[in-house]
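Residue numbers run from 1 in the order of the sequence given. These figures come from a predicted structure and were not determined experimentally. Computed over heavy atoms, backbone and side chain alike; hydrogens, waters and symmetry mates excluded.
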Amino acid sequence: MSRTMPSERTRPVRPAPPSPVPTARSRADLRLELERARLDEEATRRPVRAPKVRTTEHHTISTRSESRTHSPVMVLLVLISTLGILLYAQFLLNPANRGDLLPYIMVIVAEAVVIVQALLSMWTILSGGIDPRDFAFHQAQELLYDEDEIDRLGVRDQPHLWPIVIDGETKTVDVFITAYGEEITKIEATLIAALALQGLHRTWILDDGASDEVRDLAARHNARYVRRLTNHGAKAGNVNHALAIAKGDFFAIFDADFVPRSLFLHETVPFFVDDKVAFVQTPQVYGNLVSLVSRGAGYMQSVFYRFIQPGRNRFNAAFCVGTNVIFRRSAIDEIGGMVTDSKSEDVWTSLHLHERGWRSIYIPLTLAIGDAPETIEAYSKQQLRWATGGFEILFQHNPFSPKRRLSMDQRLQYMVTATNYLTGIAPLLLLLVPPMEIFFDLRPMNLHISVLQWLLFYAGFYLMQILLAFYTLGSFRYEVLMLATVSFPIYVKALWNVICGKDEGWSVTGRKGLAKSPFNFIIPQMLFCLFLTLTSVVAVYRDVQNGVLTLATVWNLLNTGILLSFMVAAGREAKTLRAQNREVLLGNGQAPVVLPAASAPAEIEYRTRIARPAPRVVAPVPTPSHAAAPSHAATDERVAS
């Protein structure tokens, strides 16, 4: 599960300046071209026969600045923010400051959720700063490649064919690319990069979209291809199905829109020298921050990937996020495969592994770059899926239950995950407080409190949160504030679905096809915007008549402005999507994808369709560049049910 947590986030990669109205097709083509150009450039730099190098000379990115998850400034800001949170909590809970009961309770409930989550986040951040790379890791990384075998095979200039060795044993690595109707150019860019990963591995496309186009793509690039009969278990089921065929010691997972960097295996596999390590997770970093939604969705995760996940290393509670991750096969076998009974198969799989005593590692290195949701539809579906998975943990697998075999630290961390999306519901209560004062003269706080006193405590909390976000993101990001304010209907729906046991079905983020109007997905926000606009008119009229500007009016105008800006963003998106749909209908754009129904397989006599590349033939030819080059011919085979 690629996760969005309103207060958690990694510094996203700044994209190149986009064209004025970029289309999804043009960006995908551009990324594919860039990936090809990058690989071509690397190939031209590579010597025909490189001198034998010791493993200590292999490139590493572990010393990059992004691996430094803490700084003195960051720690100072966190400490001051924590102090501001505590002072604000003391101010709210002081009975002398209490106003009318109903709005006061609404404020207390909403702020309590935010404050508790913020305090636990600060605790996790301050607990971080530990580099999981110990002596054993560095030693394993130094001996990661079988140098003698590299020379014997004559593949010194082909790093993707270097045999991987862990603890003296040659290991097999499978790289899974999970696809489900994504654009073919996106899948191809990821496939090309996956094939070029340093270290001998086998690359598979796990196609739940049952696309012949994707099958042909795999054949063209000499990759393995697997198509299954049904879509049972969604992405987790797709991976489990592949594990029945692939038998490697480790397997990495990449979503079809996440392009891995060549050193992914080099930076992650050495951790498995520790027999208790089940998986190594790397962050999700986005390269398509081209719209208000994608920027907001991308920046919302920066704190989570830069500070929260590294902090969880201390508690052995860093969890998988579904992509850019590598697993130990035997660990997954022990828990019966990836968990398929949840929309958040990644978090649930991590939870089961931790309960079995396995260890997880998170490294804050950018080892793959992907796409954030660019449209309101994609964002809404993604957040609904993630929030549903989080709430499922709360109601179906309470981390504090005596049945769970977790440490107290792990219980707390999973409880934070399970309740994190409640912070997305809190804005709903806060949006209703100003109208209660404007229409019913109900105030949450004591009238005798001065505005300056209120601002002092309020600013001590929220201003420090803004400063912390500013330091983390490099600037103030209005998109994050906007999405955090307007997303409450998504999280309310997720909570309701979990309570009622309603299944919304699984949908992929960024799937191609004819796009629907964004207004189809924001009807509650539209109604709220209308209500707050009318309330603002009433409030301004009232204040003009009274000759006094009230805090409720200012607060309501601010909320109205945020919702109106979201409506404007939705209108712009609708205009762009209409133009793209016209292109599709005219045959000039991306054709829509029609995914096969799970109950109507095209060929029921076969359970699985597999395409494997022809076996690699190692021939003792004079020049190393020709020895051991894999054949580009592919063979098709079908496994009878």
Pairs where residues 194-205 contributes a residue and the test salt bridge (Lys or Arg N to Asp or Glu O under 4.0 Å) is met, not counting sequence neighbours: D174-R202
Within-4.5 Å side-chain heavy-atom neighbours: R295 and L292: yes
Electrostatic pair R227:D212 at N-O distance under 4.0 angstrom: yes
Candidate pair Y379 and E374, rule side chain to side chain donor-acceptor pair (under 3.5 Å), full reasoning: CA-CA 7 Å; Y379 171 78; E374 296 182 11; over 6 Å; no
Close side-chain approach of I187 to I205, heavy-atom, < 4.5 Å: yes
Nearest-0.5 Å distance that lies between atom CZ in R133 and atom CG in D131: 4.5 Å
For S294, side-chain hydrogen bond (donor to acceptor under 3.5 Å, both in side chains) partners two or more places apart: S291
Rounded distance [0.5 Å steps], CH2 in W204 versus OH in Y225: 13.0 Å
L367 vs P260 side-chain heavy atoms within contact, under 4.5 Å: no
With sequence neighbours excluded, residues passing side-chain hydrogen bond (donor to acceptor under 3.5 Å, both in side chains) with Q139: none
Smallest separation among heavy atoms of A140 and P270, with atom names: CB-O, 3.7 Å
Salt-bridge present (D216, R220; N to O < 4.0 Å): no
Listed partners of A236 passing side-chain contact (heavy atoms from CB on, under 4.5 Å), at least two apart: M338, T340, E345
Least distance between heavy atoms, V293 atom then L483 atom: O-CD1, 3.8 Å
Taking every non-hydrogen atom, the tightest pair across G199 and H201: O-ND1, 2.6 Å
L577 versus T375, closest heavy-atom pair with distance: CD2-CG2, 4.2 Å
Residues forming a side-chain contact (heavy atoms from CB on, under 4.5 Å) with E334, sequence neighbours excluded: R356, W358
Contacts of type salt bridge (charged side-chain N to carboxylate O under 4.0 Å, His left out), residue E573, not counting sequence neighbours: none
Gap between atom CD1 of I376 and atom CD of Q383 - 0.5 Å precision: 13.0 Å
Ion pair check, R215 and E213, cut-off under 4.0 Å: no
Side-chain donor-acceptor pair present, R312, T417, cut-off under 3.5 Å: yes
Spatial distance of atom SG (C320) from atom CD1 (I326) [nearest 0.5 Å]: 12.0 Å
With D274 via side-chain hydrogen bond (donor to acceptor under 3.5 Å, both in side chains) - residues at least two apart: R359
Side-chain heavy-atom pair R261, T366 within 4.5 angstrom cut-off: yes
Flag side-chain contact, heavy atom, 4.5 Å: Q158 against Q198: no
Residue list, side-chain hydrogen bond (donor to acceptor under 3.5 Å, both in side chains) with H354, at least two apart or on another chain: S360, Y414
Among D371, D257, D255, the one residue meeting side chain to side chain donor-acceptor pair (under 3.5 Å) with K186: D371
Reference residue R228; test side chain to side chain donor-acceptor pair (under 3.5 Å); the match among D208, D207, N240: D208
Close side-chain approach of I150 to Y145, heavy-atom, < 4.5 Å: yes
Pairing residues for F251 by the ring pair (Phe, Tyr, Trp, His ring centres under 6.0 Å) criterion, not counting sequence neighbours: F176, F327
Intermediate values then yes/no, side-chain contact (heavy atoms from CB on, under 4.5 Å), K171 and F272: CA-CA 11 Å; K171 300 294 184 182; F272 292 107; over 6 Å; no
Side-chain donor-acceptor contact under 3.5 Å, Q284 with Y286: yes
Main-chain N/O of K235 paired to T178 side chain as donor or acceptor, under 3.5 Å: no
Centroid-centroid distance, F319 to Y362, less than 6.0 Å: no
Test item: R328 side-chain N/O and V277 main-chain N/O as donor-acceptor pair under 3.5 Å: yes
Nearest-0.5 Å distance that lies between atom CZ in R306 and atom CD1 in I308: 12.0 Å
Intermediate values then yes/no, side-chain contact (heavy atoms from CB on, under 4.5 Å), K247 and T172: CA-CA 8 Å; K247 302 296 182 182; T172 307; over 6 Å; no
Any L217 side-chain heavy atom under 4.5 Å of H221 side chain: yes
Euclidean distance, E169 CD relative to I164 CD1, rounded to 0.5 Å: 14.0 Å
Any donor-acceptor N/O pair, T349 side chain to V339 backbone, under 3.5 Å: yes
Listed partners of D249 passing salt bridge (charged side-chain N to carboxylate O under 4.0 Å, His left out), at least two apart: none
Close side-chain approach of V325 to T282, heavy-atom, < 4.5 Å: no
Partner set under side-chain contact (heavy atoms from CB on, under 4.5 Å) for A136, not counting sequence neighbours: D134, V273
Trace of the side-chain contact (heavy atoms from CB on, under 4.5 Å) decision for V175 with L197: CA-CA 9 Å; V175 175; L197 288 176; 3.9 Å; yes
Verdict with supporting geometry, V214 and I184, side-chain contact (heavy atoms from CB on, under 4.5 Å): CA-CA 7 Å; V214 176; I184 197 71; 3.7 Å; yes
For W162 against V155, the heavy-atom pair lying closest together: NE1-O, 2.8 Å
Nearest atoms (heavy-atom pairs only) where T323 meets F254: OG1-CA, 3.4 Å
